[in-house]
Amino acid sequence: MKSRTIYSAFISVLLLVTPPGFAEDKPASKGGEDTTTAAKPIPAPQRFVTHHKGTFNGRTMKYTADAGETYIRNLDGDPTASVFSFDYLADSKQTRPVTFLWNGGPGSSSNWLHMGGYGPKRIVVPSDAAHPGSAPYQIADAPETILDVTDMVFVDPVGTGFSRALGKTKKEAFWGLTEDARAMAAFIAQWMTDHNRWNSPVFLLGESFGTTRAAAVAKVLLDDYLINVNGIIFVSQALDYQGSSPYIDDNIISYVTYIPTMAATAWYHGKVDNTGDFAGFIEASRTFAARELLPALFQGNRLDKQTYAHLVDRLHHFTGLSKQYIEQVDLRINAFRFAKELLRDEGLTVGLLDGRYKKDERDDVAASPREDAADAISPAFKAALMHYMHHELKIDWQRHYLNPSDPELDDKWRWSPLPADQSWEPHYVNTAPDLAEVLRSNPGLNVMVASGYYDLITPFFDAEYTLNRHGIERQDITYHYYHGGHMMYVHEPARQALLKDTRQFIQAQAAGRK
């Protein structure tokens with residue numbers, strides 16, 4: 001998930017503004033050491049190892065859950081950070097693929113993908129977007145997960161989960177677009193060394209900002225460690241943030257990229273005629289957005305009245321919003337305001353992370369939601385993870401598990417890709433060029449993109465808009481769509497389809513098939 005605070009996080013995330021007071025940009029391996037203070041003694045890495053047996057996709061197998069710290073080090077060999085991961089390793093002597101998984105934020109632990117999407121156990125929440133209620137929550141086996149075809153390493157970046165900066169290194173040294181990518185690449189290289197896995201096929205799987213990270217990490221792995229990844233899975237793609245910044249008034253692109261998601265959400269809630277074919281309706285919304293709305297918005301006040309009236313009618317047809325409202329916003333529908341406006345006549349707001357969710361907010365006349373209705377699942381995910389860690393992974397540690405993240409992370413995150421002493425013009429976050437370079441350097445690489453139809457944070461049409469540009473070849477990208485939101489796996493049919501698609505992708509890429 002990108003962030004659990006709607007406005008403060010998204011405004012800082014999607015427009016690069018360099019905060020003052022950051023030290024010179026250095027590789028994560030150097031760690032930005034602070035030599036003015038004495039470092040605490042660094043103990044040996046903590047690990048918790050348990051052994052399990054499960055059946056995954058009809059295959060009964062033994063596996064080890066190795067949860068613990070990996071130390072990344074500077075060039076002198078001194079530890080600069082402890083990166084905690086949950087490793088699920090099959091008891092096999094084969095050179096199996098290994099998949100590194102992380103969530104987004106920035107500042108999210110791996111809890112969501114771990115307990116909701118890909119882990120061997122999962123939290124059960126209502127598949128129909130109903131409120132999950134209070135504890136106790138159901139934790140179930142996940143026999144559909146991908147452990148039968150790949151080992152899995154769920155990674156918590158520094159400042160989340162149990163991961164911390166070490167020694168003289170300041171935690172801010174890992175909080176930035178570039179700094180984070182270097183740290184995660186350093187972790188992967190160290191993990192492969194520690195586990196003797198340098199000849200295993202390597203996959204990266206990220207969600208939301210985790211996709212931003214995955215593209216950047218793939219390039220650092222290639223440039224700094226000479227590691228070619230075999231495949232990348234983007235869950236709720238967020239590489240070029242222009243198409244997912246709906247609150248920037250002059251951002252024409254966002255008024256286009258969100259139209260199909262708004263159409264899907266309106267269809268789901270019955271605010272448009274949903275008696276026909278869903279796929280055809282969504283495809284028509286794509287065509288309208290790209291071929292009619294985009295050129296019209298480009299024309300601005302030169303648009304003739306007849307065309308303007310036609311566009312109002314078509315926007316009403318696809319979004320379910322009143323023609324009066326569409327005229328009031330001058331054809332420019334802010335996706336966050338859409339979440340408040342769609343069910344305003346019922347006194348309800350729909351979720352941003354997942355437009356299927358609904359919430360009755362006190363303020364029925366506000367322009368946008370004050371909270372995200374889809375955030376209702378967060379307590380269930382947290383409770384499930386904490387219970388699972390203690391009872392099944394036998395993690396007995398006094399260290400606080402940061403979920404949410406370190407409270408200073410949001411304010412101190414550094415979005416600039418350049419050193420602090422270099423001037424530059426602010427622009428949208430964009431790691432798509434990193435992905436393009438890696439794809440051109442590694443002809444065997446392919447990318448799987450998984451998108452939820454009802455995701456009002458990272459819309460699926462933006463994934464297409466982003467990955468169809470930036471010099472990326474069409475055949476390098478495979479798209480999959482699910483009837484869910486940002487975390488589409490909370491909808492059970494979507495979860496099973498996502499896992500099936502991921503398994504097939506990993507099998508094909510590990511075998512060297514494009």
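Just so we're clear, the structure is a prediction, and the values are computed from it rather than from any experiment. Quick note: numbers below take in every heavy atom, side chains included, and nothing from hydrogens, waters or symmetry partners.
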Tell me which donor-acceptor pairs under 3.5 Å the side chains of residues 129-138 have, and how far apart each pair is, sequence neighbours excluded?
from   : atom 1 : to     : atom 2 : distance (Å)
His131 : ND1    : Gly133 : N      : 2.9
Tyr137 : OH     : Gly133 : O      : 2.8

Could you give the side-chain donor-acceptor pairs of residues 391-398 under 3.5 Å, partners two or more places apart or in another chain?
from   : atom 1 : to     : atom 2 : distance (Å)
Lys394 : NZ     : His391 : O      : 2.9

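The heavy-atom pair separating Ser109 from Leu402 by the smallest distance is CB-O, 4.3 Å. Shortest non-hydrogen contact noted between Ala432 and Ile472 is O-CD1, 4.3 Å. Here the closest non-hydrogen pair linking Val158 and Trp175 is O-NE1, 3.0 Å. Taking both residues in full, the closest heavy atoms of Trp102 and Gly210 are given as NE1-O, 2.9 Å, listed atom of the first, atom of the second, then distance.
Side chain of Arg96 to main chain of Leu147: a donor-acceptor pair is present (N/O by atom type, distance under 3.5 Å, no hydrogens or angles). A distance-only check finds a donor-acceptor pair linking the side chain of Asn230 to the backbone of Val202 [under 3.5 Å]. With Thr431 contributing its side chain and Thr212 its backbone, the two residues share a donor-acceptor pair below 3.5 Å.
Ion pair Arg197/Asp151 flagged as a salt bridge, since at least one NZ, NE, NH1 or NH2 atom sits closer than 4.0 Å to an Asp/Glu carboxylate oxygen. The pair Asp375-Lys359 does not meet the salt-bridge criterion, since no charged nitrogen lies less than 4.0 angstrom from a carboxylate oxygen.
The salt bridge (charged side-chain N to carboxylate O under 4.0 Å, His left out) pairs that include a residue from residues 139-150 are Lys121-Asp141, Glu144-Arg495, Asp148-Arg503, where partners are two or more places apart or lie in different chains.
Contact annotation: the side chain of Met488 approaches that of Ser236 to within less than 4.5 Å [non-hydrogen atoms, C-beta and beyond]. With a 4.5 Å cut-off on side-chain heavy atoms, Ser208 and His486 count as touching. A 4.5 Å side-chain heavy-atom check between Met192 and Ile227 finds at least one atom pair inside the cut-off. Residues Phe162 and Glu69 fail the side-chain proximity criterion, which asks for heavy atoms closer than 4.5 Å. Between Asp66 and His195, some side-chain heavy-atom pair lies under the 4.5 Å cut-off. The side-chain heavy atoms of Asp476 and Leu445, taken from C-beta on, include no pair separated by under 4.5 Å. Counting only heavy atoms from C-beta outward, the side chains of Glu408 and Lys171 approach each other to under 4.5 Å. Contact of the Thr145 side chain with the Arg122 side chain is not registered, since no non-hydrogen atoms from C-beta on lie closer than 4.5 Å.
Using the six-membered ring where Trp is involved, Phe460 and Tyr453 have ring planes that are perpendicular, over 60° apart on the 30 and 60° scheme. Using cut-offs of 30° and 60° for the angle between ring planes, the His114 and Phe86 rings count as tilted.
Of the N and O atoms on the side chains of Glu492 and Ser127, not one donor lies less than 3.5 Å from an acceptor on the other residue. For the residue pair Thr502 and Tyr118, a side-chain donor N or O sits within less than 3.5 Å of a side-chain acceptor on the partner. With no hydrogens or angles considered, no side-chain donor-acceptor pair links Ser200 and Thr95 at under 3.5 Å. For the 3.5 Å distance criterion, the side chains of Tyr357 and Asp372 fail to qualify, holding no donor opposite an acceptor.
Residue Asp128 places its CG atom among more than 12 non-hydrogen atoms of other residues, nucleotides or ligands, all under 6.0 Å distant.
Between Phe203 and the options Ile506, Leu101, Ile146, a side chain to side chain contact (heavy atoms under 4.5 Å, CB included) holds for only Ile506.
Aromatic ring centres of Trp413 and Phe209: separated by under 6.0 Å.
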